[in-house]
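Here the structure comes first, spelled out in structure tokens, and everything after it is commentary.
All values below were derived from every heavy atom in this structure, side-chain atoms included, with hydrogens, water molecules and symmetry-related copies excluded. Numbered from 1 within each chain, the chains take letters A, B, ... in sequence-line order.
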Amino acid sequence: DVKVTQSSRYLVKRTGEKVFLECVQDMDHENMFWYRQDPGLGLRLIYFSYDVKMKEKGDIPEGYSVSREKKERFSLILESASTNQTSMYLCASSPRPTSGTYNEQFFGPGTRLTVL
Amino acid sequence: GNSVTQMEGPVTLSEEAFLTINCTYTATGYPSLFWYVQYPGEGLQLLLKATKADDKGSNKGFEATYRKETTSFHLEKGSVQVSDSAVYFCALRNNQGGKLIFGQGTELSVKP
């Protein structure tokens, strides 16, 4: 079974702190994604990566950065946490799609971050 | 741009009731459509998918048919169980790219 793990299930930080959210997948997937989930808004894509050291902005990248130094690990960084970044953060991974096919995204359990 | 709209929740049903969760979409071209489910305390799991018009996706008693004429992909189940209580997300993927666009999610609560 594909396994996507996230470093913490719950995290509480203070405004202005630098926050690292870690995601590791064990299936050698090329693609990795970071989403945030908020009530009434569904999932919104923050950043994604199609390969090591490669990153692309999603729909809401402001206030976030990412790092992918190894294929299995994709980190989300909040340089200076703010209260409006209180949310559930979900990581996902998928194999690189071949033409005309869809490769399912596999999700981690999420990290619920509270910024005070 | 691409977007997905789901019916608002929460939806509360009794066990063995019929379930419909409405989903409509706006997209260019011919997107693929998906339903994901999130059980309490867990990440999202793919429930079913359909990649072209008139396709029917099905899994675990759930079904959804890709209706291009009405731009809809409604989720149905004939007889829900307490274990179906979860949040359900409709999503689309434009075939020009790999990103998923999610609806806002619909919470389902099934009472015994």
Side-chain angles (χ1 to χ4, degrees), chain A residues 1-6 8-10 21 23-25 29-51 54-61 87-112, chain B residues 1-11 21-27 29-52 55 57 59 66 73 75 86-107:
Chain A
D1 277 355
V2 173
K3 195 160 188 183
V4 180
T5 55
Q6 296 184 227
S8 305
R9 294 299 297 268
Y10 300 93
L21 301 182
C23 175
V24 177
Q25 50 94 4
H29 286 169
E30 288 80 12
N31 302 336
M32 297 189 75
F33 307 83
W34 274 107
Y35 297 89
R36 64 177 281 176
Q37 179 182 2
D38 299 290
L41 297 176
L43 274 71
R44 293 178 291 167
L45 182 64
I46 305 171
Y47 267 95
F48 59 103
S49 170
Y50 286 150
D51 206 344
M54 179 274 179
K55 60 186 178 185
E56 288 197 26
K57 292 179 180 179
D59 300 316
I60 52 164
S87 187
M88 171 71 86
Y89 290 87
L90 294 170
C91 176
S93 73
S94 71
R96 178 172 293 139
T98 53
S99 174
T101 67
Y102 170 73
N103 286 321
E104 176 183 349
Q105 288 188 22
F106 294 87
F107 284 81
T111 295
R112 185 166 293 282
Chain B
N2 298 333
S3 67
V4 176
T5 303
Q6 294 179 230
M7 63 186 286
E8 284 196 28
V11 174
I21 300 178
N22 290 338
C23 171
T24 57
Y25 67 90
T26 302
Y30 301 94
S32 297
L33 301 172
F34 309 89
W35 277 101
Y36 276 81
V37 59
Q38 184 180 34
Y39 297 105
E42 298 183 13
L44 276 70
Q45 304 172 25
L46 180 64
L47 180 60
L48 53 83
K49 66 179 187 284
T51 56
K52 61 183 187 296
D55 267 3
N59 186 26
Y66 188 151
F73 193 53
L75 183 68
V87 181
Y88 292 82
F89 292 91
C90 185
L92 71 81
R93 172 181 174 266
N94 190 302
N95 287 332
Q96 279 73 49
K99 294 190 293 182
L100 287 172
I101 307 295
F102 287 88
Q104 71 268 40
T106 302
E107 182 180 358

Take atom CD of Glu8(B) as the centre, draw a 6.0 Å sphere, and report whether it contains more than 12 heavy atoms from other residues, nucleotides or ligands.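 Counting neighbours around CD of Glu8(B), 12 or fewer heavy atoms of other residues, nucleotides or ligands fall under 6.0 Å, so no.
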
For Arg112(A), does the CZ atom sit with more than 12 other heavy atoms under 6.0 Å from it, leaving out its own atoms?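 Incorrect, the count does not exceed 12.
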
Taking every non-hydrogen pair under 4.5 Å, which of Gly105(B), Gly9(B), Gly41(B) racks up the most with chain A?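 Of the options given, most contacts go to Gly41(B).
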
Proximal component of Glu107(B), with respect to chain A [non-hydrogen, under 4.5 Å]: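 Contact with chain A is absent: no heavy atom of Glu107(B) under 4.5 Å.
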
Does the side chain of Phe34(B) reach to within under 4.5 Å of the side chain of Gln105(A), using non-hydrogen atoms?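 A side-chain contact under 4.5 Å is absent here.
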
How about Tyr36(B) and Leu43(A): do any of their side-chain heavy atoms sit closer than 4.5 Å?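 Of all side-chain heavy-atom pairs linking Leu43(A) with Tyr36(B), none is under 4.5 Å.
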
Could you go step by step and tell me if Phe33(A) and Leu100(B) meet the side-chain contact (heavy atoms from CB on, under 4.5 Å) rule? CA-CA 10 Å; Phe33(A) 307 83; Leu100(B) 287 172; over 6 Å; no

Using a cut-off of under 4.5 Å for heavy-atom pairs, which of Gly40(A), Cys91(A), Pro109(A) has the most such pairs with chain B?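 The answer is Pro109(A).
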
Identify which part of Gln6(A) has an atom lying under 4.5 Å from any heavy atom of chain B, answering side chain, backbone, both or neither.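 Neither part.
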
For Asp59(A), is it the side chain, the backbone, both, or neither that has a heavy atom closer than 4.5 Å to a heavy atom of chain B?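 Interface part for Asp59(A): side chain.
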
Closest non-hydrogen atom pair between Arg9(A) and Glu42(B), with its separation: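 Smallest heavy-atom distance, with atoms named: NH2-N, 4.4 Å.
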
